[in-house]
Amino acid sequence: EMMASLQILLVVAVVTHAAPPPNIIHLLMDDWGYGDVQIYGHRISPSKVLTPQLDRFTASGTTFTDGHSVASVCSPSRAGWVTSRYPAELGIHTAISSSNQSNSADGQVNFLNTTTPNVMQLAKLNGYTTAHFGKFHLGSSQNPKAPGVNEYDVDESATFDSTADWGDPLSPPLDPDCPKPHAPTCKTAYWAGKTSEMIVNLSISFIHKATTENKPFYINAWFHISHAQLEPTPEQMAVYPFETTCRLSATQSNQTTCSEQIFWASQTDADTQIGRLLRSLENRQLLDNTIIIFSTDNGPEDASVFPNGVGTTGPFRGRKRSLYEGGVRLPFVISGPGVLPKRVDRTPVAAVDWLPTIASHLNWTIPPGVAETFDGEDLSHVFFAQSEHHPKALTWDQRDNLLLTQYDRRQALFWEWRFAVSGSCWHDAPRWAMRSGDWKLMLEPNSTRVELYNMSYSNMISGEPPEFQNLAKLYPDVVQELSPSLLSWAKTLPPGPSAAHRGCAPSIPGVGRSDFDL
């Protein structure tokens, strides 16, 4: 009887897309960890909720516990979101520099090729008006030869340099009070701390214009927070008083602030601004017809970096730049028409799945040959819980009043990080990784390191921290089965410089369980 009731819920979640088509907003944060959103288990004091607006948002949709970026740093991760391509295949391996010489030394391109099909292009082809507000970083704002954001089939844009110093010369500046990009007057006080408000202001204005013109809209609202630099205003900092937020050592050393105060204040303001955007949609009676997807580009910065290293990866090993889960497993939430509310899904999903999924769900027209370039999988039945697809796991969590689902994934996922990993050697993962079913295989070239982990939910809640025990020697048949696929994919990638990833064993003194953000 319970199973029948749950199946009825899935049927109710399915909607037909009569006119008008749903609007779409992609909220992408920067350097947020898996545990930096309350629903994923942030350990902050219960009396100080870090992300109340996102808590409200997640309750209205589906939260993925196994959601991933396809890279552990910004530029390649963003390329995966917009193209459904593994970024290494496109020659994007790390953060794109303003220096062509530096990019050449890294063996990568200077910008994403404008001829590569992207989600904004396909949305526009299917009747949407498109916008991008916030960080882009698929080229450099300092490179005069890099295409402007609008050259990627974006109707309106405003962006900034990677570190949010001031306006971008390749598009209208984010701050209307700074009409002349890179002029000294544009470096106003707390500029970086005000970027979340600016991004939302521009998004709201664009929504007003689109609805006035009776057009569906696709908006990338890609936030600066929590990347360097962080400059929260005194009003933002006041949410986290120094005396109750900062560690005792900070007080004893006569500090007037601390990294936790700066980092959490910045995140909470971003959360506040997202809430303002949601209320604007609600007031315009657009919220029920707007698909919103929320995630972040990669895991949090290394703990040694002040003040950005405060982000938490939850129970996972690894941080930004690492292919362990802490670098690539992230908050991943979707809401809107056709999305079942109060659902938690354990299917492995990734940024490359977004474009084929939304295109399939909305029956977009795609030019011949384009869909064949996608590396991601059409998971519209997972994102939107279509009733004709039955999950392999379906239960009801009575305590939290949540529907729990999990579907089979057909395609493997692949990652590469060829450069050095900051911080502890405990986070220094091998160069290549793949996820197939519950197994995650990681390899260093010439098999100098072979690591295998069971990422199933049941294994993760058994008490052993994820990616703590290398199972390669216990399951050589699994290594033998998966290795050819990973090595075959790696051979398709362009050559270039790389660093050796030696890592270290958990038995090394001072390294191991204490490194987890449990």
Side-chain angles (χ1 to χ4, degrees), residues 26 28 30-31 69-122 130-154 156-174 181-182 220 222 224 227-229 297-298 320-321 351-352 355 370 373-375 414-422 431 490 492-499:
H26 182 194
L28 189 68
D30 199 317
D31 291 0
S69 64
V70 288
S72 54
V73 293
C74 47
S75 296
S77 173
R78 293 159 192 271
W81 272 106
V82 300
T83 67
S84 186
R85 297 285 303 278
Y86 291 119
E89 299 173 358
L90 301 172
I92 301 176
H93 307 291
T94 185
I96 293 177
S97 171
S98 60
S99 165
N100 293 351
Q101 183 178 2
S102 177
N103 289 325
S104 179
D106 288 336
Q108 73 169 358
V109 298
N110 297 312
F111 48 82
L112 174 66
N113 196 318
T114 56
T115 64
T116 303
N118 68 67
V119 67
M120 297 85 74
Q121 175 192 69
L122 294 178
T130 58
H132 181 99
F133 303 123
K135 183 173 178 177
F136 190 61
H137 210 179
L138 292 174
S140 171
S141 63
Q142 307 295 320
N143 188 340
K145 295 183 179 180
V149 179
N150 291 25
E151 294 183 55
Y152 295 90
D153 286 280
V154 173
E156 289 191 20
S157 67
T159 186
F160 47 80
D161 192 51
S162 176
T163 52
D165 285 332
W166 41 61
D168 183 342
L170 302 182
S171 76
L174 191 67
H182 294 271
N220 287 331
W222 289 8
H224 163 68
H227 195 281
Q229 58 191 0
D297 59 351
N298 46 253
K320 183 176 181 178
R321 302 174 191 86
V352 285
L355 175 48
V370 170
T373 68
F374 298 159
D375 289 323
F414 297 93
W415 293 266
E416 183 197 47
W417 174 250
R418 55 176 65 180
F419 303 107
V421 175
S422 304
R431 175 173 173 174
T492 68
L493 305 181
S498 64

Within the 3.5 Å criterion, strictly below it, is a donor on [X] or [Y] matched to an acceptor on the partner's side chain?
X	Y	answer
Asn150	Ser157	yes
Ser498	Arg431	yes
Asn118	Asp153	no

Checklist entry - Name the one of Asn110, Asn143, Thr94 that satisfies side chain to side chain donor-acceptor pair (under 3.5 Å) with Asn103? => result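 When Asn110, Asn143, Thr94 are each tested with Asn103, the side chain to side chain donor-acceptor pair (under 3.5 Å) holds only for Asn110.
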Does Glu416 offer a backbone N or O that forms a donor-acceptor pair with the side chain of His93 under 3.5 Å?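 Side chain of His93 to backbone of Glu416, a donor-acceptor pair under 3.5 Å: no, none is there.
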With heavy-atom distances below 4.5 Å as the criterion, would you say the side chains of [X] and [Y] are in contact?
X	Y	value
Trp415	Ser72	no
Ile92	Phe111	no
Leu493	Glu89	yes
Asp375	Val70	no
His132	Met120	no
Ser75	Gln108	no

Look at the aromatic rings of Phe419 and Trp417 and report parallel, tilted or perpendicular, splitting at 30° and 60°.
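The arrangement is perpendicular - the two ring planes meet at more than 60°.
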Quiz prompt | Plane angle bin for Trp222 and His26 - parallel if under 30°, tilted between 30 and 60°, otherwise perpendicular | solution =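 The arrangement is perpendicular - the two ring planes meet at more than 60°.
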message = Check Arg78 with Asp30, please: is the shortest side-chain N to carboxylate O separation under 4.0 Å?
response =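 Looking at Arg78 together with Asp30, the answer is yes, because their closest N to O distance falls below 4.0 Å.
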